[in-house]
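Have a look at the structure below, then the notes.
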Amino acid sequence: MKKDLAKTYDPKEVEDRIYNFWLKGEYFSAKTDENKTPYTIVIPPPNITGKLHIGHALDETLQDIIIRHKRMSGYSALWVPGTDHASIATEAKIEEAMRKEGLSKEKLGREEFLKRAWIWKEKYGKSIIDQLKKLGASCDWHRTRFTLDEGCSAAVREVFVKLFEKGLIYRGERIINWCPNCKTSISDAEVAFYEKEGKFWHIRYKIANDNGFIELATTRPETLLGDTAVAVHPEDERYQNLIGKSVILPLIGRKIPIIADSYVEKDFGTGVVKITPAHDPHDFEIGLRHNLPIINIIDEKAKINENGGKYANLTLPAARDAVVNDLKKEGHLIKIEPIVHNVGSCYRCKTVIEPRISKQWFVKMKPLAEPAIEYVKAGKIKFVPERFEKIYYHWMENIKDWCISRQLWWGHRIPAFHCRDCGKITVTRDKTTICSHCKSLNIKQDEDTLDTWFSSALWPFSSLGWPEKTRDLSYFYPTHTLVTGYDIIFFWVARMIFSAIEHTNNVPFKTVFIHGLIRDEQGRKMSKSLGNGIDPLEIIESYGADALRMALATNVGPGNDIRFSYDKVLANRNFANKIWNAARFIRINIENEIIEEDLPTNLMLEDKWIINLFNTLVKEVTENLEKFELGLAIAKLYDFTWDKFCDWYIEFAKIRLNNGTSAKEAKCTLVWVMKNILKLLHPFMPFITEEIYTSLPHKEEALTISRYPEFSKELFYEKDQEKIEKIIEIIRAIRNRRAELNVAPSKKTKIYIATDFTNDFKGCEAFFTKLAYGTEIFIDKDFNIPETLTIISTNAKVYIPLGELVDRQAERQRLQKQLEKCEAQLMQAENKLENDEFLAKAPKHVIEKISNNKNSLCLQISRLKSEIDSFL
RNA sequence: GGACGCAUAGCUCAGCUGGUUAGAGCGCUCGCUUCACACGCGAGAGGUCAGGGGUUCGAGUCCCUUUGUGUCCACCA
């Protein structure tokens, strides 16, 4: 026995101690045990950019609930933890920190920069792991991985080489999204569109060998410097005679063709489009179709390059001003109109993306996407909720090649070596100094690193040791469930799926459990600029991790966004305290008695009642957990614990603990139910449940590895206890009707219960004295007592001699109202029971219920009527 | 333009494959220092489940439609 439980639960005193207790016991380290079924979850590795936010807290909580439940259900449950190097995001953070010291990447050089990055990783990686522990995450820390560790890097090289050899990775000059701020290419998925106010510049181009002009409009006049054609729709009557002719590009004087392409919309603008293949993805496609020259005019710093003639070296905004000015001067600018349009921006830094032609590495997606679609269609991977499959299909079916090279330093350096002699590329798993084509030693590794998602795509198997054939991999892979937010289905989930199929010939996971995003109390997205982010550690500090976990997982629709609310946290903090005090009550009462693990045979009705309810609860909660309906499970646990166990059973039990009648059985039941509640609740509220468990008589060394309760048919008792509850409730209600009766609780009365079920009530008198303010309780088939307050319920008629306190007029009205209500309900029931189709088609139990209901309503009505008459 | 959500008590939201009288938390009203807990106990008030139509013996739940609202994808040269 441990020290006395304090009056209020203090999570701060408990949580770290309990977590260390778990660590010491090695309870979270999963064994490759052939006698057990494996259940694996890999964590979506948090970025090492900073600290965990509330969204992580949600994600980790859900995973922890699932994995703890599985661990307690006899699985060899493994939750693989780890962190993500997050190349672009981390590199930006490190650069930002360096700037404060007056340093820059260029000054430092690659090697020194990477040294700093690793120091950063150590610091922030560790702090993230610490935060996960604070949340209660039951990860197997021995298996902690990092996307840039040696094993994951080997996996990345293996995949790169395999795909390259298969022709699925290629290097080429393509139009890519260039972030001028991050100074790197980014993938299509990393471009976000934001609505912006801009201008629409109407410009005229002179038609060559003609006096006429053609008018077009653009939002980016500076790109005119790279125009190599002007396009119209092939069926546009206005321009039929111009197709095939040329125009003279203003300011530059270059002669460029007028081409016809159905991409052009006749009804938008003037129906004429300037074509800049180097700086617009669509123009690039058109350029390919029409064999147009490509003139790159923007360099990697987003400045005009030497192809821009006199505009060279100008930044883009400056170039725009200059070009517009010159156009105006030369009379080519017709008008400027305001326009609201969507502008592609870097999803990390929100800088406007400049599409430009650049030599990059790509993954050919079509051959990878096809099986990835098939696997999901065949049900080998299931999305929960199912609707997210559509989003996945849509993206996969319209996928374009994936630009994977980044002009960054923090990441997996591309394992390709360029030969300065023969110009060919050697792609290899291991570092090499020799060109595989011409054996020259004059080679140099590619400067670029890989998209950070390239390594996260391999996470479910690379984190288990792939490409080595490890025991972990053969036992724990494929993993079972992936838990993540819908915001990274494209970035991550989809890429894990096609990667796993390609490289392991298997699914990465069987189920994808998708949750929503957390919003602030006003329903806004959390963001740095709004400063409305919530630090989970602060919540844990003030309310405890259990309260936070419950607040995040409760009352949440599947896949829906969640509005964070302190009210919810507070409610669950209070719930924790409720459990704490129930346990405290039990401990005070059992003192040092030995309590048997097994239930005694001679239980009282109320004992059987609560055990039976618990048994049903086990069944339902388990089903809910299997279906990922965590919120429903919590609602049931909350209701059972608070309402059924604390408010009713403990109150019933007090009577026997006080008067000594079968007190032993009451204590056994209290301990038994309490311990089992702790088990059911443990996945949700691990800290407090473990703490209480060890303070109660127990055999198992830790709750966290104890066996989850199972539904038992043998425990199924009838539940007549509820008849008594109903009567108690209505007595309380009538006494509480202050406006009419004004009965103080201290005023106790005799209670007469007239019922056909006398046997069910005999022996339960104490319940009414204790819980319904009774002095003496009389139970019989009938009574004839004048001047009493009468309460009619379905099973009984209760007389309370409140004498002069009763307002007879009000009481009659009350009964009349009750009668009307009963009659209306009876009518509904009768209508149904007289309906042949209902009788023919409705299931038996529904008919039975309604029919029983009808009978008791009839009884109640006749009693009410005679009662009302007596008031006349 | 396409797809997908959401609309249920004053507020924030649950409500699983359709089945008695629709729930929770907070808030509100009334009463209570009842020997586990005021982070508590007891009793209440409050909902034509956005509108309309349909399927069904039966609809908050399924279908169609309207309105409002949100998100994602595509796209605006």
Side-chain angles (χ1 to χ4, degrees), chain A residues 5 7-9 193 200 216-220 223 231 263-265 268-270 272-276 280 282-283 339-342 387-388 390-391 394-395 398 486-487 489-490 516-517 521 523 543 551 554-563 565-568 570-589 620 623-624 627 629 631-632 634-635 638-639 646-647 650-651 654 658 729 732-739 742-746 770-771 773 821 824-825 828-829 831-832 835-843 845-847 849-850 852-854:
Chain A
L5 300 173
K7 199 169 173 180
T8 45
Y9 172 59
F193 287 88
F200 216 21
L216 52 78
T218 178
T219 53
R220 299 163 70 207
T223 61
Y263 160 77
V264 181
E265 274 181 53
F268 190 85
T270 58
V272 185
V273 186
K274 57 192 271 314
I275 303 298
T276 322
D280 182 283
H282 293 102
D283 293 5
I339 186 175
V340 175
H341 59 159
N342 282 336
R387 64 183 146 96
F388 289 106
K390 274 198 180 176
I391 295 177
H394 184 255
W395 192 72
N398 296 290
Y486 61 71
D487 54 329
I489 291 177
F490 306 141
L517 273 30
E521 288 190 285
Y543 304 96
T554 196
N555 228 242
V556 173
N560 289 352
D561 284 354
I562 300 159
R563 204 178 281 223
S565 109
Y566 282 93
D567 276 351
K568 264 198 206 175
L570 206 64
N572 285 290
R573 190 275 311 259
N574 295 351
F575 179 56
N577 199 52
K578 188 72 188 177
I579 301 166
W580 183 256
N581 274 289
R584 198 167 141 248
F585 170 79
I586 293 170
R587 278 211 41 210
I588 291 166
N589 279 284
E620 292 180 359
E623 281 170 7
N624 289 144
K627 291 193 275 184
E629 295 163 356
L632 287 180
I634 290 176
Y638 188 100
D639 175 69
C646 291
D647 288 348
I650 289 183
E651 293 306 319
K654 276 179 184 172
N658 284 341
E729 276 180 344
R732 284 173 178 170
I734 200 93
R735 293 175 54 106
N736 257 304
R737 224 187 304 279
R738 188 179 185 275
N742 197 12
V743 183
S746 54
K770 166 106 176 126
L771 303 178
Y773 322 100
K821 210 170 162 186
Q825 282 169 24
Q828 275 186 11
N831 283 343
K832 280 191 178 168
N835 185 330
D836 290 340
E837 278 191 286
F838 172 75
L839 293 173
K841 290 176 183 169
H845 71 273
V846 173
I847 298 174
K849 244 179 183 176
I850 292 177
N852 285 341
N853 196 19
K854 186 196 145 185

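Here is the naming used below: chain letters follow the sequence lines, and residue numbers restart at 1 for every chain. Any value given below was found using the heavy atoms of this structure, including those in side chains, with hydrogens, waters and symmetry copies removed.
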Q: Considering only atom P, compute the distance from B:G53 to B:U69 and round it to an integer number of Å.
A: 24 Å
(Q) Using the C1' atom as the point on both nucleotides, what is the distance between B:U71 and B:A38, in whole Å? (A) 43 Å
Q. Is the shortest side-chain N/O distance from A:Tyr773 to OP1 or OP2 of B:A43 below 4.0 Å?
A. no
**Q.** Inter-nucleotide C1' distance (B:U17, B:G60), Å rounded
**A.** 16 Å
Q: May I have the distance from A:Asp647 (atom CG) to B:U34 (atom C1'), rounded to whole angstrom?
A: 13 Å
Q: For A:Ile850 and A:Phe838, run side-chain contact (heavy atoms from CB on, under 4.5 Å): C-alpha distance rounded to whole Å, both residues' side-chain angles, the deciding distance at 0.1 Å, then the answer.
A: CA-CA 11 Å; A:Ile850 292 177; A:Phe838 172 75; 3.7 Å; yes
**Q.** Shortest side-chain distance from A:Leu632, nucleotide among B:A77, B:A14, B:U20
**A.** B:A14
Q | Options B:A77, B:C73, B:G5, nucleotide nearest the side-chain atoms of A:Val264 | A | B:A77
Q. Quick one: is A:Lys390 getting a side-chain N or O under 4.0 Å of the B:C4 phosphate, OP1 or OP2?
A. yes
**Q.** Separation of the C1' atoms in B:G15 and B:G23, to the nearest angstrom
**A.** 7 Å
(Q) Rounded to whole Å, how long is the line connecting atom CD1 of A:Ile562 with atom C1' of B:A14? (A) 12 Å
Q | Atom-pair distance (OH on A:Tyr638; P on B:A14), nearest Å | A | 17 Å
Q.
Distance check needed: B:G15 P versus A:Glu620 CD, whole Å only.
A. 15 Å
Q. NA contact type, A:Asn658, heavy-atom cut-off 4.0 Å: base, sugar-phosphate, or nothing?
A. nothing
Q.
Checking contacts here: which listed nucleotide (B:U12, B:C16, B:C39) is nearest the side-chain heavy atoms of A:Arg563?
A. B:U12
Q: For the pair A:Trp580 and A:Tyr9, name the ring-plane relationship: parallel under 30°, tilted 30 to 60°, perpendicular over 60°.
A: tilted
Q: Scan every strand shown for a Watson-Crick or G-U wobble partner of B:G44, both distances under 3.5 Å, and answer none if you come up empty.
A: B:C28
(Q) Let me spell it out: for each of A:His394 and A:Thr8, pick the nucleotide of RNA chain B with the closest heavy atom. Which residue's pick is nearer the 5' end? (A) A:Thr8
Q. Which atoms form the tightest heavy-atom contact between A:Cys646 and A:Lys578, and what is the distance?
A. CB-CE, 3.6 Å
Q.
Say we look at B:C62 and B:G5: how far apart would their P atoms be, to the nearest angstrom?
A. 11 Å
Q. Counting any heavy atom closer than 4.0 Å, what does A:Tyr9 reach on the DNA or RNA strands: base, sugar-phosphate only, or nothing?
A. nothing
Q. For the pair made of CD in A:Glu651 and C1' in B:G42, what is the distance, rounded to whole Å?
A. 10 Å
Q) When you compare B:U66 with B:C72, how far apart are their C1' atoms, in angstrom units rounded to a whole number? A) 24 Å
Q) What distance, rounded to whole Å, do you find between the two P atoms, one in B:A7 and one in B:A77? A) 36 Å
Q: Compare the minimum distances between each of B:C13, B:C41, B:A77 and the side chain of A:Glu265, then state the nucleotide with the smallest one.
A: B:A77
Q. Between A:Thr223 and A:Thr276, what is the shortest heavy-atom contact and its length?
A. O-CG2, 3.3 Å
Q.
Heavy atoms only, 4.0 Å cut-off, all strands: where does A:Asn853 land among base, sugar-phosphate and nothing?
A. base
Q | Candidate nucleotides B:G19, B:A74, B:C16, ranked by approach to the side chain of A:Phe838 - the nearest | A | B:G19
Q | N or O in side chain of A:His282 less than 4.0 angstrom from B:C75 OP1/OP2 | A | yes
**Q.** Separation of B:C72 P from A:Asn398 CG (nearest whole Å)
**A.** 18 Å
Q | Distance, nearest 0.5 Å, that separates OG1 of A:Thr8 from CG of A:Asn574 | A | 11.0 Å
Q) Would you say the base of B:U12 and the side-chain of A:Asp567 have a donor-acceptor pair closer than 3.5 Å? A) no
Q: Measure from the side-chain heavy atoms of A:Asn577 and tell me the nearest of B:C57, B:C39, B:C73.
A: B:C39
Q: Locate the shortest heavy-atom distance separating A:Lys274 from A:Thr218; write the atom from each residue and the value.
A: CD-CB, 3.7 Å
Q | Short side-chain N/O contact from A:His341 to OP1 or OP2 of B:C75, under 4.0 Å | A | no
Q. In terms of side-chain heavy atoms of A:Cys646, which of B:G23, B:A36, B:G15 is nearest?
A. B:A36
**Q.** Atom-to-atom span, CZ of A:Phe268 to P of B:G1 - whole angstrom
**A.** 14 Å
Q: Can you tell me, in whole Å, how much space there is between the P of B:G40 and that of B:C26?
A: 7 Å
**Q.** Any N/O donor-acceptor pair, A:Lys654 side-chain to B:A36 base, under 3.5 Å
**A.** yes
Q | Shortest side-chain distance from A:Arg584, nucleotide among B:C37, B:C75, B:G19 | A | B:C37
Q.
Both A:Val556 and A:Ile586 contact RNA chain B. Which one's nearest nucleotide lies toward the 5' end?
A. A:Val556
Q) When you check the side-chain N and O atoms of A:Tyr263 and A:Asp283, is any donor under 3.5 Å from an acceptor? A) no
Q: Taking only the side-chain heavy atoms of A:Ile650 (C-beta and beyond), determine which of B:A43, B:A36, B:C16 contains the nearest atom.
A: B:A36
(Q) Need the pair for B:A7. Rule: Watson-Crick or G-U wobble, both distances under 3.5 Å, any strand; none if unpaired. (A) B:U67
Q) With both distances kept under 3.5 Å, what pairs with B:C72, Watson-Crick or G-U wobble? A) B:G2
Q) Centre of A:Phe585's six-membered ring, under 6.0 Å away, within 45 degrees of the axis: is that where NZ or CZ of A:Lys654 sits? A) yes
Q | Rounded distance (Å) that lies between atom P of B:C26 and atom CZ of A:Arg573 | A | 11 Å
Q: Among the candidates B:U71, B:C35, B:A36, find the nucleotide nearest to the side-chain atoms of A:Tyr486.
A: B:U71
